[in-house]
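What follows is one structure encoded as structure tokens, with my remarks underneath.
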Amino acid sequence: MTTESITPPQDENQIITERRAKLQELRKNGIAFPNDFERKNLAAELHASYGDQTKEQLEEVKIQVAVAGRMMLKRVMGKASFATIQDMSGRIQLFISNGDTGEETHTAFKHYDLGDILGATGELFKTKTGELSVRVTGLRLLTKALRPLPEKFHGLTDQEQKYRQRYVDLITNEETRRVFMIRSKTIQVIREFFARHDYLEVETPMLHPIPGGASAKPFITHHNALDMQMYLRIAPELYLKRLVVGGFEKVFEINRNFRNEGLSTRHNPEFTMIEFYEAYRDYKHLMDFTEKLFVEVARKVLGTTVLSYQGRELDLGKPFHRLTMTQAIQKYHPQFTDAQLNDRDFVINELQDLKAKYKTSDALGSLQLYLFEELAEAQLFEPTFIVDYPAEASPLARRSDANPAITERFELFIVGREIANGFSELNDPEDQEARFDEQVAAKDAGDEEAMFKDSDYVRALEYGLPPTAGEGIGIDRLVMLLTDSASIRDVILFPQMRPEA
RNA sequence: GGGACGUUAGCUCAGUCGGUAGAGCAGCGGACUUUUAAUCCGUUGGUCGCCAGUUCGAAUCUGGCACGUCCUACCA
């Protein structure tokens, strides 16, 4: 006994073998992958234009259509069949019968498989149950699908496969298509919003010789011709502010940042942010502006400011809360007094009880920040601006005139997550240089996330940065909110995964 | 990094006490000219994640490994 000489690839199975044979047959009989079918109508447009017409009206007007799409459902009943095809807009039913197409075409159709891409021409009509359908007179197989689709009722449910094979997820799951259409629409609305406010959209480098603008571990890469180490950007901030120095007084950029940190339901190594800067504004203006932006995005994308996130209702149309860190702590832990929260030893004691990390060298503001993160952050379900961040944690932000230990900075929290971060920009070049030097000292002391000193940036400030306000908004997290997604992977088309086993 | 749970047909899932593998969908063959996850009859399809161990015998018990999901930590 001899083994078969043809060993199919490992994931080949009987179904794929069968379909390959059908494709072989198609090749033999002509052009297996024709590209001359002219699609003239989309499913959703036909439903919108003719869905309301009666059976009789449709028979009278005799609308000729040409539709194309992937076959998702198939029902064969001897001399007549129904098929449901799906295009970018939606689905429409085809009726194929010996009487309309001739027996040969209908017989060929019976061997078409779910997942095949078809082109059909014919006349619109309504079935006796009232479903708008195409009475097919011409039917062609445009692309043979070799691999079977997931089960037609449940679709693809395995999370890993949804992420790894997003194309299958998109074919099968309406909800997945909805999420990414909302994502696209969200970015479009944001662009329009900034354009309307006379902002200039710019693109700054993704490859940085000095990573800057955030506290994070960068990805390191190498440029061959220059033989130098480069970093994927962790934030565009320093470049955008250089542009404000240059006279582009309102700029924004929507693009990816890369951070070499852990993966989680809220973190992907590459994520999308919008950063924007406007001269002659301060952080208070940014908060008002952000509220307007969020309301507009919700209204234009979802049609309402009221949304449901993981079972809880949220209204972006209500004024956002504004609290200092200590006020936020007290909101959820009213037993703490102002005196206690401003007492270093007391705060350190609380942090110890919570097993939270801190350094004995930390200033009171940083200690309060850690306590806030432990006790309040995750509870900020309704949109809340937390203001007055400690200067040592905000090396690019302008100090408060009333209290130089804090900065004119806020972070916006919604559903317990940081969604945005903004501040009045530090435009004092001497203070900026001093703060860079502090960061370098921290880096030398072992802080991997401390910033590098960017001397050209300081030089830019020395030419004069007008008083400016700047902010970054996490687009992925915003889209999670708008789509009620629990994981950031659900709003990124191709999330980072480990290599396949 | 730590913890919990999971991995069985292309897909969705069962699998009892350890006794040699099941259903539905998809596929193939047949019936059926208005179906709606069409229906009905017949039928093909398996490295039970991988490697060891225990046992007469392992999808099932034990150990290790891989991958995944969730929680947690770092982080936006």
Heavy-atom nearest nucleotide on RNA chain B taken for A/Y163 and for A/F153; more 5' hit belongs to A/F153

Position toward the 5' end of RNA chain B (nearest nucleotide), A/G155 or A/G130: A/G155

I'd like a table of donor-acceptor pairs (distance under 3.5 Å, sequence neighbours excluded) in which one partner is a side-chain atom from residues 468-476 of chain A, with atom names and distances.
{"residue": "A/T468", "atom": "OG1", "partner": "A/P466", "partner atom": "O", "Å": "2.6"}
{"residue": "A/E471", "atom": "OE1", "partner": "A/T290", "partner atom": "OG1", "Å": "2.8"}
{"residue": "A/E471", "atom": "OE2", "partner": "A/T290", "partner atom": "OG1", "Å": "2.9"}
{"residue": "A/D476", "atom": "OD1", "partner": "A/R183", "partner atom": "NH1", "Å": "2.9"}
{"residue": "A/D476", "atom": "OD1", "partner": "A/R183", "partner atom": "NH2", "Å": "3.1"}
{"residue": "A/D476", "atom": "OD2", "partner": "A/T272", "partner atom": "N", "Å": "2.7"}

Between [N] and [M], how many Å separate the two [atom1] atoms, rounded to a whole number?
N: B/rC17; M: B/rU35; atom1: C1'; value: 47 Å
N: B/rG46; M: B/rU8; atom1: C1'; value: 8 Å
N: B/rA26; M: B/rG19; atom1: C1'; value: 32 Å
N: B/rG6; M: B/rA59; atom1: C1'; value: 14 Å

Under 3.5 Å for both donor-acceptor distances, Watson-Crick or wobble: does [N] have a partner, and if so which one?
N: B/rG53; answer: B/rC61
N: B/rG42; answer: B/rC28
N: B/rU20; answer: none

At 4.0 Å (heavy atoms only), tell me whether [X] reaches a base, stays on the sugar-phosphate, or touches nothing.
X: A/N260; result: nothing
X: A/S81; result: nothing
X: A/R91; result: nothing
X: A/Q93; result: base
X: A/N421; result: nothing
X: A/T172; result: nothing

Whether each nucleotide of nucleotides 26-32 of chain B has a protein heavy atom under 4.0 Å at its base (B), only at its sugar-phosphate (S) or at neither (-) is summarised, 5' to 3', as BSSS--B

Does B/rG68 have its OP1 or OP2 closer than 4.0 Å to a side-chain nitrogen or oxygen of A/R164? yes

Return no unless some side-chain N or O of A/R75 is found under 4.0 Å from OP1 or OP2 of B/rA38. yes

Starting the side chain at C-beta, find the nucleotide from B/rC74, B/rU33, B/rG68 nearest to A/N98. B/rU33

Is a donor-acceptor contact shorter than 3.5 angstrom present between the side chain of A/T157 and the base of B/rU12? no

Does A/F381 have A/R312 sitting over its ring (NZ/CZ under 6.0 Å from centre, angle to axis within 45°)? yes

Distance-only polar pair, side chains of A/E103 and A/H106, donor-acceptor under 3.5 Å: no

